[in-house]
Number of protein chains: 2
Amino acid sequence: MNLPPLHQDFILHFGEMGSRWGINRTVGQIYALLFLSEEPLNAETITDALSISRSNTSMGLKELQSWNLVRLRHKPGDRRDYFTTPDDLWEIVRTLVAERRKREIDPTLSTLRELEMRGPGGDAYAEARIAELRELIEMMTQFHDEMSRMETERLVQLMTMGRRLGGLLDTAQKMKIWGKS
Amino acid sequence: MNLPPLHQDFILHFGEMGSRWGINRTVGQIYALLFLSEEPLNAETITDALSISRSNTSMGLKELQSWNLVRLRHKPGDRRDYFTTPDDLWEIVRTLVAERRKREIDPTLSTLRELEMRGPGGDAYAEARIAELRELIEMMTQFHDEMSRMETERLVQLMTMGRRLGGLLDTAQKMKIWGKS
DNA sequence: CTTGCATTTCAGAAATTACTGAAATGCGTG
DNA sequence: CACGCATTTCAGTAATTTCTGAAATGCAAG
């Protein structure tokens with residue numbers, strides 16, 4: 001890996017972090033490398049920059065594509081694939097959340113619903129617990145749906161509200177801006 | 001593993017899910033088992049229920065304790081340790097978020113800040129990218145701080161606002177409920 | 001201080017996951 | 001349709017993580 005120290009350290013950090021999430025070190029490093037690069041990079045360049053095998057690069061890129069985290073580009077007169085990350089960081093966050101939801105939340109909801117379908121079976125506590133968990137997850141995904149309907153600007157606005165959130169709820173409630181869901 | 005099918009399937013599901021997060025299958029299963037149990041369980045019971053080794057149980061419980069995800073209980077006249085999960089699901093979510101933040105977000109923020117400290121080094125794009133990422137993460141953690149200051153009831157209120165969030169922002173802005181952050 | 005139970009530690013075994021090089025496939029160009 | 005380059009697949013190997021049984025530790029009660 002022969003990169004400027006800044007890139008080097010950034011990439012190593014996200015390699016480590018990657019392994020705490022579901023993705024492996026290499027995939028994290030590839031993403032970090034692309035993230036810092038203004039120009040799209042091809043597989044050969046990535047392979048050299050990270051000192052990994054060409055096939056590892058190929059698998060890593062495939063993984064990133066399955067997460068919708070990289071975009072494929074082409075240069076005129078060059079038939080190699082070039083990869084970039086979106087310029088808009090919020091778009092990256094949205095993609096991450098959406099993909100994790102698809103892979104983790106949705107299957108969990110199906111399982112919980114399936115378990116509830118079986119009806120009472122003797123352990124009322126466990127059944128209540130499962131129902132409660134399902135409700136919580138549904139509530140959070142609905143909230144997320146709402147947030148993802150907002151454009152970036154609005155989201156930033158919401159985020160920067162800082163400590164005014166609680167007060168806002170008060171005001172809204174007094175004004176009956178919304179009713180019971 | 002000799003459990004009712006409901007418990008069985010719930011536990012297996014969270015075992016699988018656990019491995020997508022940083023935690024391993026066994027730890028996920030132990031947590032799922034405790035989650036469904038009204039009564040606190042001791043290590044011996046868990047070992048038998050999941051058909052794992054006693055030492056594996058011990059390590060799993062240690063891991064869960066390090067995440068603050070289980071509570072230790074004692075029964076009079078019994079010196080074994082008993083474990084439970086909190087009744088309040090929101091508390092569980094809060095703990096999860098707080099711990100992941102401590103382990104993933106905070107170290108990342110330090111790294112990014114350290115990288116920025118090094119000052120201009122030739123790659124303006126990469127430096128801008130890192131700064132932008134740091135700002136995004138800071139914004140999200142501030143938002144999270146705000147949300148975690150709210151009590152459960154308020155949070156549910158916020159979550160169930162459904163599609164009224166965007167409108168609420170409009171209204172609030174018109175009324176100048178908050179200014180620039 | 002010893003006994004008896006409960007828990008933890010730890011080194012090695014087992015299982016899983018990641019990585020590589022070589023071969024195969026795909027695909028545009030002449 | 002064959003050549004050349006780019007990418008993917010895959011079987012074997014390497015590395016890492018998880019799990020176990022045995023030994024060590026801890027600790028309350030007698």
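Sequence lines set the chain letters: A, B, ... in the order given, protein chains first and strands last, and positions in each chain run from 1.
An OP1 or OP2 oxygen of C:dA18 is reached within less than 4.0 angstrom by no side-chain nitrogen or oxygen of A:R25. Side-chain nitrogen and oxygen atoms of A:K62 include none within less than 4.0 Å of the OP1 or OP2 phosphate oxygen of D:dT7. For D:dA6, the OP1/OP2 oxygens have a side-chain nitrogen or oxygen of A:R80 closer than 4.0 Å. The phosphate of D:dC10 has neither OP1 nor OP2 within less than 4.0 Å of any side-chain N or O from A:S55. When the side-chain nitrogen and oxygen atoms of B:R54 are compared with OP1 and OP2 of C:dT7, one or more of them lie within a distance under 4.0 Å. In this structure, B:N24 does not reach the C:dT16 phosphate: none of its side-chain N or O atoms is under 4.0 Å from OP1 or OP2.
Across the protein-nucleic acid pair, A:N56 atom CG and D:dT7 atom C1' stand 14 Å apart, rounded to whole Å. Per the geometry, CG belonging to B:L72 stands 15 Å off P belonging to C:dA6, to the nearest Å. Summarising the geometry, the separation between CD1 on B:I46 and P on C:dT8 is reported as 11 Å, rounded to the nearest angstrom. The interatomic distance linking B:M59 (CE) with D:dA22 (C1') rounds to 13 Å, in whole Å. Atom CD1 of B:I52 and atom P of C:dT7 are 14 Å apart (whole Å). Atom pair B:N42:CG and C:dT7:P shows a separation of 7 Å (rounding to whole Å applied). When rounded to the nearest whole Å, the span between CG of B:D81 and C1' of D:dA28 equals 13 Å.
Smallest separation of non-hydrogen atoms from B:D78 and B:Y82: OD2-OH, 2.7 Å.
Contact of A:S53 with C:dG21 (side chain to base): no donor-acceptor pair of N or O atoms is detected under 3.5 Å.
Salt bridge status for A:R134 with A:E116: present, with a side-chain N to carboxylate O gap under 4.0 Å. Under the 4.0 Å criterion applied to side-chain N and carboxylate O atoms, B:R118 and A:D9 are assigned as salt-bridge partners. A salt bridge does not link A:E16 to A:R20: none of the charged nitrogens lies less than 4.0 Å from a carboxylate oxygen.
Checking A:T85 against B:R129 by side-chain atom types alone, a donor-acceptor pair falls below 3.5 Å.
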Exercise for the section: Step by step, work out the side-chain hydrogen bond (donor to acceptor under 3.5 Å, both in side chains) result for A:D48 and A:T45. Expected result: CA-CA 5 Å; A:D48 293 345; A:T45 310; over 6 Å; no
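Both A:S19 and A:D78 lie near DNA chain D, and the one whose nearest nucleotide falls closer to the 5' end is A:D78.
Counting only Watson-Crick and G-U wobble pairs whose two key distances fall under 3.5 Å, DNA chain D forms stems of three or more stacked pairs at C:1-30 with D:1-30.
A:T57 contributes a side-chain N or O that, together with a main-chain N or O of A:S53, makes up a donor-acceptor pair within less than 3.5 Å.
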